[in-house]
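Everything on this sheet refers to the single structure shown next.
Hydrogens, waters and symmetry mates play no part in the numbers below; they use all other heavy atoms, side chains included.
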Amino acid sequence: MIAFTIIIAILFLVGLKSQDYRPFDKDKVVVLKPFLALGIVLSHLSSYSIYLHDFQRWGSLIVGIFFFISGYGLSYSLHYKVGYIRNFFLHRIAKALLLPYMGALLFYFVLNGNWSDYSFFDHISRVSGPSLIPNDWFVFALVYCYMFFWIGAKCKAPSLRRTVLFAGPLLLVVFTAGMGYGRNWWACTMAFAVGAFYQNWESAILRIISSRKGYIASNFACFLLFAVLIACSALFGNIISTVLAYSLLPLWVVAVLVPLDCSKAAKNRIVLFGGAISYEVYLVHGIVMDYLNRHTSLDGMAFAAVTLITSFIAAVLLKYMVSFVSRSAERALSLLTGSSAKNT
């Protein structure tokens with residue numbers, strides 16, 4: 001947490017020099033995604049080296065930001081893109097989430113080698129929560145949140161839409177915590193709803209933050225709030241304080257980033273490419289770690305370095321494989337629909 005706090009402090013000091021207050025736009029998301037993906041991998045590698053120990057608690061923080069970005073992005077697209085909800089299941093759930101996941105699952109079976117030892121029932125019925133491959137709880141939770149977003153988007157009354165967006169993730173939190181699932185399942189899922197609500201009220205929030213005094217006051221308030229919540233979570237293990245801490249933390253990140261212009265960084269090719277494969281990096285890095293643990297004697301920073309390099313290569317391969325399958329399926333579908341139209 002020390003490194004995370006230092007990064008926030010540096011961004012805050014940079015923000016103090018700016019007078020240009022901006023919304024949480026696509027440029028900031030593009031810049032954030034590759035660094036968030038790297039942080040996730042480092043958090044899972046934290047037990048392998050004392051040099052990575054500070055990343056131990058970064059996992060839930062970063063996944064909460066990813067949930068926030070998803071909720072914010074879907075809400076923004078719903079408001080500003082005509083017909084966005086049309087074919088939502090095909091484009092946003094099947095193509096964007098499930099198809100890469102299927103590719104990662106195939107990757108896992110290829111590396112695993114012995115399929116006969118794999119028990120689908122054992123993985124689904126795990127006490128800590130269902131999981132087919134390492135860290136895939138995030139995919140299940142995200143698909144669940146996307147489905148509730150779709151239900152909410154179908155509601156005409158804004159109040160009913162907001163109720164569905166809030167109740168959906170909350171039900172998942174209550175169910176998974178009640179079932180005794182791992183903390184990852186319930187600690188930060190509500191950040192999805194927070195992101196969607198923030199997008200709805202962003203203009204009003206920016207009017208408060210968009211001044212030097214407002215910027216300082218909002219960040220100081222966020223610092224005090226999260227210090228108290230994280231302290232309560234660490235000392236008492238309270239579920240409510242843990243959920244609040246990791247679900248609301250993205251608001252502090254947003255508040256810090258408000259005056260920063262990320263447009264130039266967002267055009268950097270390395271940043272763009274890193275953001276494009278961030279989801280794939282998340283999907284494959286646990287598989288890579290599992291394989292290296294079983295088949296090599298690597299340890300410490302050597303294990304971390306090989307995991308990072310191999311995960312990046314695997315993520316690139318997965319990205320291109322999924323892209324090829326997706327384009328091939330679209331071409332086949334267009335040919336089928338075209339030929340059926342001619343026959344009629």
Can you give me the closest heavy-atom contact between Phe67 and Ala141, atom names plus distance? CZ-CB, 3.8 Å
Enclosure of Tyr21 OH (heavy-atom neighbours >12, cutoff 6.0 Å): yes
Give the minimum heavy-atom separation between Gly129 and Trp185, together with the two atoms involved. CA-NE1, 3.7 Å
When rounded to the nearest 0.5 angstrom, what distance separates CG in Leu251 from CD1 in Ile65? 10.5 Å
Does a side-chain heavy-atom distance below 4.5 Å link Asn219 with Ile209? no
Can you check whether Gly286's main-chain N or O pairs, donor with acceptor, with Asp290's side chain at less than 3.5 Å? no
Measuring centre to centre across the rings, with the benzene-like ring taken for any Trp, is Phe140 within less than 6.0 Å of Tyr144? no
Does Arg86, at its CZ atom, have more than 12 non-hydrogen atoms belonging to other residues, nucleotides or ligands within less than 6.0 Å? no
May I ask you to check whether over 12 heavy atoms, not counting those of Ile270, lie within 6.0 Å of atom CD1? no
Which heavy atom of Phe88 sits nearest to which heavy atom of Tyr146, and what is that distance? CE2-O, 3.5 Å
Is the distance from the ring center of Trp150 to that of Phe89 below 6.0 Å? yes
In terms of heavy-atom contacts, Ala276 and Lys319 come closest through O-NZ, 3.1 Å
Measure the spacing between CG of Asn135 and CD1 of Ile40 and express it to the nearest 0.5 Å. 8.0 Å
Is a side-chain N or O of Ser18 found less than 3.5 angstrom from the main chain of Pro259, in a donor-acceptor match? yes
Is there a donor-acceptor pair closer than 3.5 Å between any side-chain N or O of Asn268 and the backbone N or O of Val271? yes
Nearest 0.5 angstrom please: Lys33 NZ to Ile69 CD1, how far? 7.5 Å
Given 3.5 Å as the limit, does a donor-acceptor pair link the side chain of Lys28 with the main chain of Val258, or not? yes
Rounded to the nearest 0.5 angstrom, the OG-CZ distance for Ser46 and Arg57 is 10.5 Å
Quick one, Tyr101 with Asp136, criterion side chain to side chain donor-acceptor pair (under 3.5 Å). Give me CA distance, side-chain angles, the key distance, then yes/no. CA-CA 8 Å; Tyr101 176 64; Asp136 62 351; 2.6 Å; yes
According to a 4.5 Å side-chain heavy-atom criterion applied to Ile, Leu, Val, Met, Phe, Trp and Tyr, with indirect links allowed, do Tyr215 and Ile208 form part of one hydrophobic cluster? no
One pair to check against side-chain contact (heavy atoms from CB on, under 4.5 Å): Asp54 and Phe4. What are the steps and the verdict? CA-CA 9 Å; Asp54 194 65; Phe4 183 85; 5.7 Å; no
Determine whether the aromatic ring centres of Tyr198 and Phe24 lie less than 6.0 Å apart. no
Is the closest side-chain heavy-atom distance between Thr176 and Thr189 below 4.5 Å? no
How close do Leu165 and Ala196 get, heavy atom to heavy atom, and via which atoms? CD1-CB, 4.1 Å
Closest non-hydrogen atoms of Ala245 and Leu229, given as atom of the first, atom of the second and distance, are CB-CB, 3.7 Å
So with a 6.0 Å cut-off around CD1 of Ile240, is the heavy-atom count from everything else above 12? no
Quick one about Asp261 and Ser263 (side-chain donor to acceptor, distance below 3.5 Å, no hydrogens or angles considered), yes or no? yes
Can you tell me how the ring of Tyr282 sits relative to the ring of His285, calling it parallel under 30°, perpendicular over 60° and tilted otherwise? perpendicular
Any luck finding a side-chain donor-acceptor pair between Ser203 and Arg207 under 3.5 Å? no
Got more than 12 heavy atoms from elsewhere within 6.0 Å of OH, Tyr48? yes
Hey, can you tell me if Phe197 and Trp201 have their rings parallel, tilted or perpendicular (30° and 60° cut-offs)? parallel
Expected output: side-chain Thr310 to main-chain Val306 donor-acceptor under 3.5 Å: yes
